[in-house]
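Structure first, commentary second.
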Amino acid sequence: MDEWVVHQRIKIPFMYTAGRALTRFLEGLARGEIWATRCASCGRVYLPPLNFCGRCWRGIDRWCQLPPLGELISYTIIQRPLPEHPDRSPLILGLIRLDGADTNLVHLIGDVDPSEVERVTRVRAVWRDERPASILAISHFAPLT
Amino acid sequence: MTKKDDETQRVQYLLDIEYHYAAGELATRFFTELKEAGRIMGMRCSGCHRVYLPPRPVCGICYKELKDWVPLSDEGIIVGCTVVHLPFIDPMTGEQRPVPYGFAIIRLDGASTSIYHFVDETDEKKLRVGQRVKAVFREPRTGSLHHDIKYFRLVGK
Amino acid sequence: MPRRVAIISTGQTKHRAKRRDVNVRELITEAVTRALEEADIRMKDIDAVVIGNMEPFEGFLFPELWAVEGWGGYLKPSVKFNTGGTVGTTTAIAAYYYVASGIYDVVLAIGFEKQSEGHTQTAITTVGDPIWERAIMAGAVGNFAVMASTYIHDSGVTEEQAAKVAVKARRNACNNEYAHLQMPDITVEDVLKSRMLAYPVKLLDMCPQSDGACAVVFAEESRAKQLAPRPAWIKAVATAHEQQYMGDSPKRLAAMRSQVAASRRAYAYAGITNPRKELDVAEIYEVASFAELAMYENLGFCERGEGGKLIDAGVTEMTGELPVNPSGGVLSTNPIGATALIRVAEAALQVMGKAGKRQIDGVRTALATGYGGNAWTDVMILSRDL
Ligand SMILES: [Zn+2]
Ligand SMILES: [Zn+2]
């Protein structure tokens, strides 16, 4: 007797509400600016910004603009990109600590061959010409030369 | 993107998950019988004598292993019924499910439990609990409950 | 012997159809902050957190992880539950177990849901078995419709009697500042004339879809006495499951086996022999108007087939012998992952004498129930007396 396997999908459309802090962040990106928040109690600078510090259990209302420059903390090379990724060629995902931030951002690393990325320490944001209110307003981060 | 003053950014996306559901040994036997012989089979508990449809490995009430297969009638009664008017997105397709459609909890003759199935009626005034129904098969059968049995028709209609 | 446990404070968000001003994390923080302020404690006073939510209503998995610092989870012992509609009561019962066991002294229970982000009926339909049920099932609305038709057939309950439940809920909700649907002028006629969703369930017979969160703080005896002037002591908890498929129970709603079993177990534990006389208020997970009437019977508030007469006689109105859902119930507010915890919170508020305009005089004993999963029932009984 063959095994009965049913091939199906679950497809549900969703709408994610970014909330107060992230909305201000996303609107900043559309203007080519990177905004973070600083907890008045522990001094941590959150990027992406949070309007509430869970460690201190208090609200955050101090905003600070960060430069589009930072350190490449770590990276991985994706040899087989997923359908969601922009194209089929290998891509580099980086963990980036912007100057002044206490948390890291994940973004694409570009303008560098995967074989060379090991040598990259400092990166800068490369903005798109048409900037959506999205993290994709930054096309990628490139080595700072 | 436009939004009201107290609203924040919203991002639209689609959750789309492909999966392969192994129906299991008992369902495989059930669907093989349905496909090859057009027969609906239940399983009888040796403890409480309940006849279960869908088949399952164990009677949850007696906690006895079920082993005996019994053929069931393709006729039965409506235990509960409705006509769905509410438009909603069918998670199996990501598209709107066509409405209205009638469906019922149907207890087949010989079974102790009931199953969900379509009924060939979208006028709720013509559906009632206790009414007799009969399965209408669709050929060729593929081994799917909701394909091979197209719907249940009201007996006497 | 379990330790004695009480609820010392609760917090809720303003529940609405769409909370587009906040994300999941900000929503949860709103409820948690209120619960902590109410007890005048800080997050460092919380020993452990239990959190409940029903995936995939937000469309991504583990929404609580995206929100962890917004509910106090950072470096704290915590566990997440997803048991469908019952998730809020499961979370409350888990918090009770944690404290009763002696492992933790003060435990925070949280439930949340942002229904507006997805499609509720679509997500609920995925609860149906993919080969036996899913192609037929039409969310909770379809399930309640077929169950209600059986109940109508068996008990002779009328659409008018069900409509009275829908009216009671939305009017009661006007006294609840957190409730989503407040309809002071709603009439039985409005309910009967509302749009048919799935016969016999009309739009106003059904609960809404809400965005909201609820937080409840549980504490052991000495901390409870120290932190709350009048804590709500937990007298009994019980849970019970139904069999797995939708058609397994001969009368899934009209004689819900899980609800009968769980409530009788809890009554026995709390020493209750006549629930209608001995309970002062009930906050039940009613989902649809017809369901509340059937639940009166299942919970032993009346005999079989008498649910309709109970609402006709006004027994469960605010001024009746046993008021049911002074908060407006699920029919007024339904952020699913929070809904059953709201039942517990509202029952606790009644016992603590903090229910404001919806307060029933002299409440000593209150019942809270959860319903969900596959006709799964949770029950909690709260009392003013230790
Ligand atoms: Zn801080
Ligand atoms: Zn048995």
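Atom set for the values below is all heavy atoms of this structure, side chains included, hydrogens, waters and symmetry mates excluded. Not measured: the values here are computed from a predicted model. So you know, we letter chains A, B, ... as the sequences are listed, proteins then strands, and number each from 1.
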Can you tell me which residue pairs pass the side-chain hydrogen bond (donor to acceptor under 3.5 Å, both in side chains) test with a partner in residues 9-19 of chain A, sequence neighbours excluded?
->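 Matches after skipping sequence neighbours: A:R9-B:D16, A:T17-C:K114, A:T17-C:E117.
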In plain terms, say whether C:R16 and C:D21 are close enough for a salt bridge, that is, a side-chain N and a carboxylate O under 4.0 Å apart.
->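 A salt bridge links C:R16 with C:D21.
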Does the side chain of [Y] come within less than 4.5 Å of [X]'s, by heavy atoms?
| X | Y | answer |
| --- | --- | --- |
| A:I109 | A:L93 | no |
| C:L65 | C:K80 | no |
| C:P77 | C:Y98 | no |

Inter-chain contacts: residues 32-52 of chain A against chain C, heavy atoms under 4.5 Å =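 Result: A:Y46, A:L50, A:N51, A:F52.
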Select, from C:R134, C:K44, C:E69, the one with the greatest count of heavy-atom pairs under 4.5 Å involving chain A.
->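 Going by pairs under 4.5 Å, I would pick C:E69.
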Among C:T33, C:L27, C:T125, who wins on heavy-atom pairs under 4.5 Å with chain A?
->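 Most heavy-atom pairs within the cutoff with chain A belong to C:T33.
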Under 3.5 Å, is there a donor-acceptor pair between the side chain of A:R131 and the main chain of A:A30?
->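 Indeed, once roles are kept as given, a pair shorter than 3.5 Å links the two residues.
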Pick one of side chain, backbone, both or neither for C:L36, based on which atoms fall under 4.5 Å of a heavy atom in chain A.
->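 The side chain, not the backbone.
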Take C:T120 and C:Q115 through the test side-chain hydrogen bond (donor to acceptor under 3.5 Å, both in side chains) and record every step on the way to the result.
-> CA-CA 6 Å; C:T120 304; C:Q115 302 277 102; 3.1 Å; yes
